[in-house]
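Reading through the structure tokens given below for one structure.
Hydrogens, waters and symmetry mates are skipped; everything else that's a heavy atom, side chains included, is used. By convention in this document, chain letters (A, B, ...) are assigned in the order of the sequence lines, proteins followed by strands, and residues within each chain are numbered from 1.
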Amino acid sequence: MTTYYSKDHEWVAVEGDTATIGITDYAQSQLGDVVFLELPDVGKTLAKGDEAAVVESVKAASEVYAAISGDVSEANDALADEPAKVNEDPEGAAWFIKMTIANKSELDELMDEVAYKAFLETL
Amino acid sequence: MGMNSQGRLSTPAETAAVAEHKTFTGNKALQIEEPLIFEIGRNEVTGVDIDVPLDFKPRLGSHRRKQPIDPPGLSEPEAMRHYVRLSQKNCAIDMGLYPLGSCTMKHNPRLNEKMARLPGFADVHPLQPLFTVSGAVELIAELGKWLLVTTGMASVAMSPKAGAHGELCGMMSIKVALTARGETRTKVLVPESAHGTNPATAALLGYKVVTIPAREDGTVDPASVRELLDDQVAAIMLTNPNTCGLFERDIKEIADAVHEAGAYFYCDGANFNAIVGKVKPGELGVDAMHINLHKTFSTPHGGGGPGAGPVVLSEKLAPFAPVPYVRFEGDTAEFVETRAKAKEHGDTPFGRMTAFHGQMGMFIRALSFMLSHGCDGLKQASEDAVLNANYIRASLQDLMSLPFGKRPNMHEVLFDDSFLKDTGVTTLDFAKAMIDEGYHPMTMYFPLVIHGALLIEPTESESLASLDLFVATLRDLVMSAKRGETERFTGAPYHSPRRRLDETAAARKPILKWVRPEPATAEATE
Amino acid sequence: MLACIGVKSIDDLFADIPEVARLTAPMDLPRRKSELEVERHLSRLAAKNVPASDVPFFVGGGAYKHHVPATVDHLIQRSEFLTSYTPYQPEITQGTLQALFEFQTQIADLTAMDVANASMYDGSTAAAEAVLMAHRVTRRNKAVISGGVHPHYRAVIRTTSELADDTFDILPADPMGTKDILSRINKETSCVVVQSPSFFGQLIDLQLIADKAHECGALLIAVFTEVVSLGLIEPPGTQGADIVVGEGQSIGNPLTFGGPYVGLFATRQKYVRQMPGRLCGETVDADGKRGFVVTLSTREQHIRREKATSNICTNAGLCQLAFTIHMTLLGKTGFEKLALANHAAAVKLAEMLEGIDGVELLNDAFFNEFTLRLKGKDSEAVVNTLAEKGIMAGVPVKRIDPISEGVGDLLVVAATEINTDEDRAAFAAALKEVLAWA
């Protein structure tokens with residue numbers, strides 16, 4: 001499994017044709033306490049850059065854009081009842097969606113962990 | 001992901017509770033704890049005497065209510081105490097300086113309240129025959145004239161119910177004017193520093209919102225506007241003076257560019273109170289502007305409303321004003337209520353914003369304020385508001401940080417949070433500490449163009465002594481933060497009716513109404 | 001102060017205003033007036049109007065003359081309520097917030113819905129917002145509006161829909177309020193808007209319409225303009241309504257020529273995040289004490305900007321507070337009595353008027369308002385003649401609905417607890433006389 005990162009602070013873990021997507025620890029720390037999540041319906045086709053989900057803290061609502069194109073194969077609906085998990089384990093149990101990857105070459109435009117860490121240093 | 005820059009912590013800091021003398025009741029002298037009416041009222045109690053005739057045969061068909069209603073009642077003295085006690089948990093302008101930037105918390109003269117309660121105004125119905133309400137129509141016309149003269153515009157739509165509703169009205173007239181020209185445009189330009197209502201209004205009408213970045217000095221650069229203008233731009237929505245408290249000095253150039261592109265200039269008039277009598281928006285190329293009567297003309301804010309947002313329109317937009325409106329034929333005013341009537345006069349109103357005629361109660365208060373001030377007093381009010389805000393800036397600029405340099409501002413002054421850097425105190429903490437000193441905090445985290453915004457608007461109502469005490473208090477707070485006395489801030493407020501509230505818990509599991517507790521079961525009580 | 005700021009004159013502070021636009025002469029308006037002069041000026045205007053309390057008064061049509069206890073106006077004029085801002089700092093605005101929480105609970109109870117918001121501008125704008133909300137929920141954009149909905153409400157919904165590029169199917173004026181409505185609902189419909197009691201005073205069975213709407217995946221928006229009716233008639237919440245909107249002016253608020261009023265808005269729990277307007281919620285403070293805050297704000301314009309559920313920024317504030325205080329004074333017992341007194345007044349009046357030659361009562365079931373057909377007579381002319389005789393007879397339908405056919409002789413009459421036997425007798429006698437010669 002390889003994990004990629006986007007400049008919009010999402011992580012994309014790839015295993016075969018499937019990508020698991022969530023937001024990074026940095027993103028959750030910037031948002032503050034997450035209170036609500038809106039996830040896409042399973043089966044929805046997302047093009048890279050489409051609005052995939054909405055994550056809300058008390059004073060902010062942020063859109064999560066699809067880092068890659070593909071079909072939503074699973075949504076982590078359990079998060080809806082426990083939005084606090086996004087703060088507790090953003091890069092593990094609090095994944096948002098799983099997607100069937102449409103175009104693997106899009107992954108090349110993402111960062112690896114080292115590059116992402118370097119990117120965070122610049123913020 | 002797109003991050004909203006308002007993100008901030010909202011859970012209360014975990015600090016040790018203040019040592020205090022506990023009381024038996026939980027009350028603190030004059031601060032009395034008050035339960036909800038549902039906990040103290042009873043279904044059988046009522047504070048109103050009503051005689052119900054029994055000698056009639058109901059004609060409700062099959063529609064009579066089956067399940068009874070449940071709200072409890074309080075007797076008159078109980079209700080009086082309940083709401084007086086609640087009122088005492090509120091901060092108000094009548095208690096002290098309320099420097100909430102962009103909101104204009106100025107003194108509300110009580111003459112205006114008295115006038116709005118004259119039976120000839122308060123006790124007339126909107127659908128009485130017009131000849132029985134000619135004084136009411138005359139009042140609307142008179143207020144309309146004052147608004148037109150102060151703004152230098154051609155026509156006014158009086159009915160919008162609040163500022164945001166006025167924005168909607170103004171933008172609707174722009175959309176309709178474009179349609180009348182045979183055009184459909186798709187975009188609206190909105191500066192980064194705009195009130196949230198601007199993009200929300202544009203989006204409601206189906207426009208794509210294009211953000212204009214702020215220039216380094218906090219104003220809009222005509223060059224960036226020109227870059228974004230094309231034949232798809234319907235309008236620009238610009239606040240002037242802007243939300244950074246600065247007058248958009250290139251406003252005419254921007255207006256010209258917008259007009260050249262065939263677009264309209266919507267001015268958010270929220271900050272009109274800074275410039276009444278100093279400049280007429282009509283002279284600046286404005287096509288539509290709403291006026292928040294509750295700000296500039298001092299109708300009370302009432303804990304969040306009601307507002308009133310009449311919209312003044314340029315010659316080009318005037319024919320599209322919604323019904324109802326007052327039409328002048330020489331000195332006689334005619335009240336035009338329907339589109340059909342309007343057509344007889346050759347007008348083409350776009351429709352109707354609300355039932356009836358708008359916020360009459362607010363019109364009376366605003367006109368009372370205007371008559372009391374006159375052309376000279378209104379101008380002085382703007383000047384004093386600007387003077388007071390600049391005095392605060394000048395008195396604090398050595399300690400607090402100005403994002404756009406030490407230059408004059410209009411009626412409000414904007415600081416950023418860089419003066420708090422490395423103190424461990426956030427903008428929010430700083431604001432909450434002001435509460436303990438008896439002040440309502442300034443506007444925080446708005447506008448979004450700078451980090452940790454602190455927007456202070458003192459208004460013309462404050463005396464020099466009041467400003468000096470406010471300045472001294474803020475200076476003390478800043479020094480204290482810099483000395484590292486973080487506890488004064490991170491646990492604040494300590495002395496208010498409630499301490500910091502857990503907004504996260506409120507949003508995660510919303511409790512939006514009172515629910516009768518389940519009666520304790522025998523098992524549970526054992 | 002100028003020295004401290006470092007400028008020579010106040011005008012230096014206005015230097016950013018383009019010189020060509022700066023005002024040098026005073027505005028062409030009168031100079032300041034004393035309090036006494038202002039009072040005289042405005043009293044003169046007020047004296048030209050005929051207050052409802054001075055005459056037998058039967059005008060309704062979306063705004064109603066009721067008795068408001070003196071306590072209400074005293075309390076809302078307390079400085080701490082009157083001169084406070086939106087409760088963005090909950091630690092020092094618990095008064096406003098707790099009253100909002102009480103209000104939301106009262107409205108949810110009266111309408112039999114799950115949640116209510118902190119109020120909208122008025123009933124008509126609440127109705128337009130409800131339609132936009134239904135579009136968001138159903139992801140469709142066509143509203144069906146019954147012919148029994150208040151003509152102004154229909155106009156406001158139409159204006160908003162037209163300019164928001166949505167579609168609509170507005171039925172012509174219909175005193176019974178249900179004509180053709182079921183056949184208009186289909187798979188494209190996002191919502192059906194029905195008013196009960198209707199603009200014409202008719203009580204309508206909402207369940208039938210709700211069932212058809214739900215079958216097609218549409219929402220039922222129930223509207224009322226007379227909130228007092230909820231003390232006596234079946235609430236929309238038990239009849240399948242998904243969104244309930246209404247005008248709350250009747251409780252706590254004077255007529256004031258049409259505003260400010262208080263828009264009521266309630267819905268089902270599952271739609272709460274699509275709801276417009278401010279919401280107050282319960283929580284605890286750092287000491288564990290119960291307190292209230294504005295919550296679910298991410299729906300609102302100041303955070304969500306162009307993605308907000310509405311552009312609304314204020315609520316009806318003091319008007320909502322007046323409602324809550326009046327409602328608290330009434331309680332269950334008082335509110336039910338008030339509703340009954342209103343219905344009694346209307347029944348008595350209807351009985352007197354329907355016996356007059358040339359008058360036909362159109363309603364078979366009504367609350368405190370009903371519609372008369374003044375067979376072939378211009379009802380607006382009749383109303384004007386009666387007003388000259390010192391009687392405010394009601395709302396001629398044509399005045400606010402000049403488009404619908406066959407409404408020229410319709411008169412909507414409202415009766416409330418303020419009407420006396422003498423008022424009713426005077427109205428009946430005068431109407432009889434006017435119809436006889438007209």
Side-chain angles (χ1 to χ4, degrees), chain B residues 12 43 46-48 50 53 56 61 63 73 83 86-87 89-94 118-120 122-123 125-126 129 132 135 161-162 164 196 199-201 203 206 209 247 249 283 302-307 340 351-352 355-357 359-361 371 374-375 377 394 496 498-499 506 511 513-514, chain C residues 5 16 21 27 29 31-32 38 45-46 48-51 59 75 78-80 83-84 86 91-92 94-96 105 121 124 152 155 159 165 203 233 254 256-260 281-283 285-286 291 295 301-302 305-306 308 311 313-314 317-318 329 331-334 337 344 347 365 387 402:
Chain B
N43 276 154
T46 178
V48 188
I50 298 163
F56 77 101
H63 300 275
Y83 289 103
L86 289 193
S87 78
K89 300 178 197 305
N90 263 11
C91 183
I93 322 160
D94 285 353
L118 291 172
D123 197 26
H125 191 284
T132 68
K161 295 262 171 186
T201 301
V209 175
F247 192 91
R249 63 176 187 277
E283 305 281 318
R352 174 175 274 280
F356 313 126
H357 325 311
Q359 307 287 61
M360 180 66 172
L371 291 169
C375 61
S496 46
R498 282 291 177 274
R499 296 193 51 222
I511 305 172
K513 66 174 182 184
W514 182 81
Chain C
I5 298 166
D16 280 342
M27 294 179 288
L29 291 165
R31 288 176 60 81
R32 66 186 73 185
V38 174
L45 288 180
K48 292 184 181 179
N49 308 321
V50 181
V59 189
L75 283 169
R78 276 193 69 94
S79 288
E80 302 92 327
T83 75
S84 184
T86 302
E91 298 88 351
I92 45 172
Q94 283 299 305
T96 297
T105 307
Y121 305 135
S124 67
H152 281 170
T159 301
D165 305 321
L203 300 179
I233 68 165
T256 322
F257 202 49
E282 182 186 317
T283 188
D285 79 351
T295 193
Q301 49 75 29
H302 62 100
R305 298 175 82 81
E306 67 266 30
N311 78 338
C313 189
T314 53
L318 272 192
L329 280 163
K332 169 191 154 62
T333 306
K337 276 181 158 183
V347 169

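- In this structure, the side chain of C/T333 engages the main chain of B/N43 through a donor-acceptor pair within 3.5 Å.
- For C/K337, there are no salt bridge (charged side-chain N to carboxylate O under 4.0 Å, His left out) partners at least two apart in sequence or on another chain.
- Among the candidates C/T295, C/L75, C/D16, C/D165, the residue making the largest number of heavy-atom pairs closer than 4.5 Å to chain B is C/D16.
- One distance of note links CG of C/D285 with CZ of B/R499; it measures 7.0 Å at 0.5 Å rounding.
- For C/E80, the salt bridge (charged side-chain N to carboxylate O under 4.0 Å, His left out) partners two or more places apart in sequence, or in a different chain, are C/R78.
- Rounded to the nearest 0.5 angstrom, B/I511 CD1 and C/T105 OG1 are separated by 11.0 Å.
- Only the side chain of B/A340 comes within contact range of chain C, with at least one heavy atom under 4.5 Å from a heavy atom of that chain.
- Here the closest heavy-atom approach between residue B/K161 and residue C/G259 is recorded as NZ-CA, 4.2 Å.
- The contact between B/L118 and chain C is made entirely by side chain atoms (from C-beta outward), counting heavy-atom distances below 4.5 Å.
- Options C/K48, C/E282, C/R32 differ in how many heavy-atom pairs under 4.5 Å they form with chain B, and the most are formed by C/R32.
- When each of B/A92, B/G377, B/G304, B/G374 is checked for heavy-atom pairs under 4.5 Å with chain C, B/G304 comes out on top.
- Contact tally against chain C (heavy-atom pairs below 4.5 Å) for B/P119, B/A506, B/S496: the top residue is B/A506.
- In this pair, C/F257 and B/H357 present their aromatic rings tilted. The plane angle is within the 30 to 60° band.
- Chain C forms more heavy-atom pairs under 4.5 Å with one residue of B/G302, B/G47, B/G73 than with any other, namely B/G302.
- The candidate from C/A344, C/G291, C/A155 with the greatest count of non-hydrogen atom pairs under 4.5 Å with chain B is C/A344.
- Taking CG of C/N49 as the start and OG1 of B/T132 as the end, the distance is 7.5 Å to the nearest 0.5 Å.
- Taking OG from C/S84 and NZ from B/K89, the interatomic distance works out to 14.0 Å, rounded to the nearest 0.5 Å.
- Listed options C/T96, C/L29, C/T86 were ranked by heavy-atom pairs under 4.5 angstrom with chain B; first place goes to C/L29.
- Listed for the B/T46 side chain is a donor-acceptor partner under 3.5 Å among the backbone atoms of C/L329.
- In terms of heavy-atom pairs under 4.5 Å with chain B, the best-connected choice from C/A387, C/P254, C/A46 is C/A46.
- The candidate with the highest count of non-hydrogen atom pairs below 4.5 Å against chain C, out of B/C91, B/A394, B/A203, is B/C91.
- Ranked by heavy-atom pairs under 4.5 Å with chain C, the list B/V209, B/D94, B/V48 is led by B/D94.
- Ranked by heavy-atom pairs under 4.5 Å with chain C, the first of B/G61, B/A355, B/G351, B/S87 is B/S87.
- Looking at C/P402, only its side chain comes within 4.5 Å of chain B, counting heavy atoms on both sides.
- Ranked by heavy-atom pairs shorter than 4.5 Å toward chain B, the options C/G95, C/G331, C/A21 are led by C/G95.
- Nearest heavy-atom pair, C/A365 versus B/H63, reported as atom, atom and distance to 0.1 Å: CB-CD2, 4.1 Å.
- Interface residue B/F56: only side-chain heavy atoms are found under 4.5 Å from chain C.
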